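Below is one structure, written out as structure tokens, with a few remarks after it.
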Amino acid sequence: MKSKRIMAAAFSLMLAVGSPTAAFAGEEVQSENTALDTVETEIEASAVDITETEQELTAVTLNEVAHSIFYAPQYVAIELGYFEEEGIDLTVVTGFGADKTMTALISGEADIGFMGSESSIYTYSGGAADAPVNFAQLTQHAGNFVVAREDTDDFEWSDLVGKDVLGGRAGGMPEMVFEFILKENGIDPSEVNINQSIDFGSTAAAFSGGQGDYTIEFEPSATALEQEGVGYVVESLGVESGYVPYTAYCAKSSYLTEQPEVIQAFTNALQKGMDYVNAHTPEDIAEVIAPQFPENDVETITTIVERYYEQDTWKEDLIFEEESFELLQDILESAGELEERVPYEELVTTEFAEKAAESIDE
């Protein structure tokens with residue numbers, strides 16, 4: 001609009017210069033030439049401002065463990081331009097598994113990793129010199145569901161005993177939370193035939209193809225199986241597991257030290273997305289994030305968001321609290337994946353999330 005006003009002014013000045021009734025034409029021409037020079041200078045200055053704004057955006061590559069409606073606040077932040085507002089040009093790559101996401105982070109292919117924070121514990125315990133540190137927690141409940149072959153309103157965890165269940169990768173959060181819930185319900189995981197050989201993201205297709213009596217699925221796969229008529233959601237692991245730090249953002253400690261402004265800006269954008277999700281209806285959220293999931297219609301996305309909304313999936317802030325970290329280690333120990341507990345202070349920083357929460361409150 002500014003450029004249009006400038007051009008309109010310039011055009012008016014040109015008409016004035018050519019007017020036969022203008023007095024002191026010579027002086028006016030000189031005056032108008034000066035005005036035109038000013039207009040040109042403003043136009044050039046505007047172009048410089050635009051160029052500088054574009055140059056201010058910092059390129060950041062985020063590797064996410066999966067592309068799921070479970071992470072709605074992140075996609076809200078992307079679709080509503082919150083990352084650009086914070087000066088970040090974000091590229092998102094899906095790793096399809098925490099192990100692959102962590103590999104991308106450690107190798108430098110990604111600046112930030114988004115996955116279950118158990119991966120940072122494994123990396124630290126393995127003696128990594130530049131171990132990733134968690135700086136923002138997004139979800140506080142498990143995001144997967146038990147999908148059965150038959151619909152039922154009276155599912156019991158004991159129904160899984162002796163049955164074939166398509167689970168997750170050994171040592172990954174989906175599988176460990178599943179086994180943790182089984183134990184909490186008095187069931188030894190060995191009593192269930194858990195298939196851990198299928199790649200992450202492929203279990204829904206395997207179940208649709210006839211494998212397993214039950215499968216443990218994230219969205220939108222769980223709803224997709226229902227729409228196919230081959231499966232039915234009968235239980236939520238998120239409800240049963242309680243408050244679990246299921247997914248968090250992390251970066252190598254060196255990156256946090258060298259790029260604190262970038263991490264803060266990234267966290268600020270996420271907090272804006274979190275605030276939007278907590279202040280709007282599932283219908284509103286679905287409309288915003290729909291471009292991220294073109295394979296699903298808005299009605300389906302709304303159904304999925306409602307499921308996550310009702311189980312209080314998303315935190316109000318991004319602060320990864322010590323109590324949550326210790327619960328995570330309880331789950332790892334229960335699964336036999338942790339020989340020695342690691343210090344919270346080594347693998348979690350709340351500095352950026354606290355500042356983001358403060359800035360939003362202001």
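Below, each value reflects all heavy atoms present in this structure, side chains not excepted, and no hydrogens, waters or symmetry copies. Along the sequence shown, the residues carry numbers beginning at 1. As the structure is a computational prediction, the values presented were derived from the model and not from experiment.
Under the 4.5 Å side-chain criterion, counting only non-hydrogen atoms from C-beta, Asn185 is in contact with Glu240. With a 4.5 Å cut-off on side-chain heavy atoms, Leu62 and Phe266 count as touching. Taking 4.5 Å as the limit, every side-chain heavy atom of Thr58 sits out of range of all side-chain heavy atoms of Gln259. Between Val262 and Tyr255, some side-chain heavy-atom pair lies under the 4.5 Å cut-off. Proximity of Asp284 to Thr281: side-chain heavy atoms (C-beta onward) are separated by under 4.5 Å at one or more points.
With Glu235 contributing its side chain and Val146 its backbone, the two residues share no donor-acceptor pair below 3.5 Å. No donor-acceptor distance shorter than 3.5 angstrom exists from the side chain of Thr313 to the backbone of Tyr309, with no hydrogens or angles considered. With hydrogens and angles disregarded, no donor-acceptor distance shorter than 3.5 Å links the side chain of Asp164 to the backbone of Asp213. No donor-acceptor pair closer than 3.5 Å links the side chain of Ser208 to the backbone N or O of Ala204. Judged purely by atom type and a 3.5 angstrom limit, Thr152 uses its side chain to pair as donor or acceptor with the backbone of Asp154. Side-chain atoms of Thr223 never come within 3.5 Å of backbone atoms of Pro220 as a donor-acceptor pair (strictly under, hydrogens ignored). The closest donor-acceptor contact from the side chain of Glu109 to the backbone of Ala104 lies at 3.5 Å or more, if one exists at all. The backbone N or O of Ala290 sits nowhere less than 3.5 Å from a side-chain atom of Asn296 that would complete a donor-acceptor pair. Judged purely by atom type and a 3.5 angstrom limit, Thr267 uses its side chain to pair as donor or acceptor with the backbone of Ile263. With hydrogens and angles ignored, the 3.5 Å screen pairs a side-chain donor or acceptor of Thr139 with a backbone N or O of Thr247.
If you check the side chains of Glu64 and Tyr75, you find a donor sitting under 3.5 Å from an acceptor. Side-chain N/O atoms of Glu323 and Tyr243 include no donor and acceptor closer than 3.5 Å.
For Tyr276 and Tyr82, the gap between ring centers reaches or exceeds 6.0 Å.
By the 6.0 Å contact criterion, CD on Glu340 is open, its count of non-hydrogen atoms from other residues, nucleotides or ligands being 12 or less. The neighbour count for Glu228 CD, taken as heavy atoms of other residues, nucleotides or ligands under 6.0 Å away, is above 12. Around atom CD of Glu156, no more than 12 heavy atoms belonging to other residues, nucleotides or ligands sit under 6.0 Å away. Within a 6.0 Å sphere centred on CZ of Phe155, heavy atoms belonging to other residues, nucleotides or ligands number more than 12.
Taking all atoms of both residues into account, the shortest heavy-atom contact from Ala356 to Gln264 is N-NE2, 3.6 Å. Of all heavy-atom pairs between Val244 and Gln137, the closest is O-NE2, 4.3 Å. Taking each heavy atom of Val239 and Ser236 in turn, the nearest pair found is N-OG, 3.2 Å. Glu150 approaches Val234 most closely through the heavy-atom pair O-CG1, 4.1 Å. Considering all non-hydrogen atoms of both residues, Asn144 and Pro174 come closest at ND2-CB, 3.6 Å. In this structure, Asp317 and Ile319 approach most closely via the heavy-atom pair OD1-N, 3.1 Å.
Under the side chain to side chain contact (heavy atoms under 4.5 Å, CB included) test applied with Phe83, the options Val60, Ile78, Leu57 reduce to a single match, Ile78. Screening Ile187, Ile194, Asn193 against Glu191 for a side chain to side chain contact (heavy atoms under 4.5 Å, CB included) leaves a single residue, Ile187.
Listed by chain and residue number, nothing satisfies the side-chain hydrogen bond (donor to acceptor under 3.5 Å, both in side chains) test with Glu346 (two or more places apart in sequence, or in another chain). The side-chain hydrogen bond (donor to acceptor under 3.5 Å, both in side chains) search around Asp153 returns none, not counting sequence neighbours.
Hydrophobic clustering keeps Tyr249 apart from Val93 (ILVMFWY residues linked when any side-chain heavy atoms are closer than 4.5 Å, directly or through intermediates). Hydrophobic clustering places Val305 together with Val233 (ILVMFWY residues linked when any side-chain heavy atoms are closer than 4.5 Å, directly or through intermediates). At a threshold of 4.5 Å between side-chain heavy atoms, the hydrophobic network of Ile, Leu, Val, Met, Phe, Trp and Tyr places Met102 and Leu256 in one connected group. Taking hydrophobic clusters as Ile, Leu, Val, Met, Phe, Trp and Tyr residues chained together by side-chain heavy-atom distances below 4.5 Å, Phe96 does not share a cluster with Ile216. Note on Tyr214 and Val161: same hydrophobic cluster, where clusters join Ile, Leu, Val, Met, Phe, Trp and Tyr whose side-chain heavy atoms are under 4.5 Å apart, directly or indirectly.
Taken from NZ in Lys252 to OG1 in Thr123, the straight-line distance is 11.0 Å, to the nearest 0.5 Å. Atom CD of residue Gln329 and atom CG of residue Leu347 lie 8.0 Å apart, to the nearest 0.5 angstrom. To the nearest 0.5 angstrom, Leu328 atom CG is 10.5 Å from Glu333 atom CD. How far CG of Asp130 is from OH of Tyr124: 13.0 Å, rounded to the nearest 0.5 Å. Considering CD1 of Ile285 and CD1 of Ile69, their distance stands at 11.0 Å, rounded to 0.5 Å. Here the straight-line distance linking atom CD of Glu179 with atom CG of Asp188 works out to 9.0 Å at 0.5 Å rounding.
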Next on the checklist: Apply side chain to side chain donor-acceptor pair (under 3.5 Å) to residues Ser117 and Asn134 and explain how you reach the verdict.
Outcome noted: CA-CA 7 Å; Ser117 44; Asn134 300 284; 4.6 Å; no
Checklist entry - Hey, mind stepping through Phe320 and Phe135 against side-chain contact (heavy atoms from CB on, under 4.5 Å) and telling me if it holds? => result CA-CA 7 Å; Phe320 195 153; Phe135 63 87; over 6 Å; no
Next on the checklist: Pair Cys250, Leu105 - check side-chain contact (heavy atoms from CB on, under 4.5 Å), show working.
Outcome noted: CA-CA 9 Å; Cys250 64; Leu105 183 64; 3.7 Å; yes
Item to check | Stepwise side-chain contact (heavy atoms from CB on, under 4.5 Å) check, Glu337 with Glu118 | outcome: CA-CA 10 Å; Glu337 297 291 342; Glu118 79 284 352; over 6 Å; no
Checklist entry - Going through the checks in order, is the side-chain contact (heavy atoms from CB on, under 4.5 Å) test met by Leu80 and Lys272? => result CA-CA 9 Å; Leu80 294 184; Lys272 291 177 182 179; over 6 Å; no
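Ring orientation note: the planes of Tyr308 and Phe70 are tilted relative to one another, at an angle of 30° to 60°. Between Tyr71 and Phe114, the ring-plane angle classifies as perpendicular under the 30° and 60° cut-offs. The aromatic rings of Trp157 and Phe178 sit tilted relative to each other, their planes meeting at an angle between 30° and 60°.
Checked for salt-bridge contact, Glu226 and Arg307 meet the test: a charged N lies under 4.0 Å from a carboxylate O.
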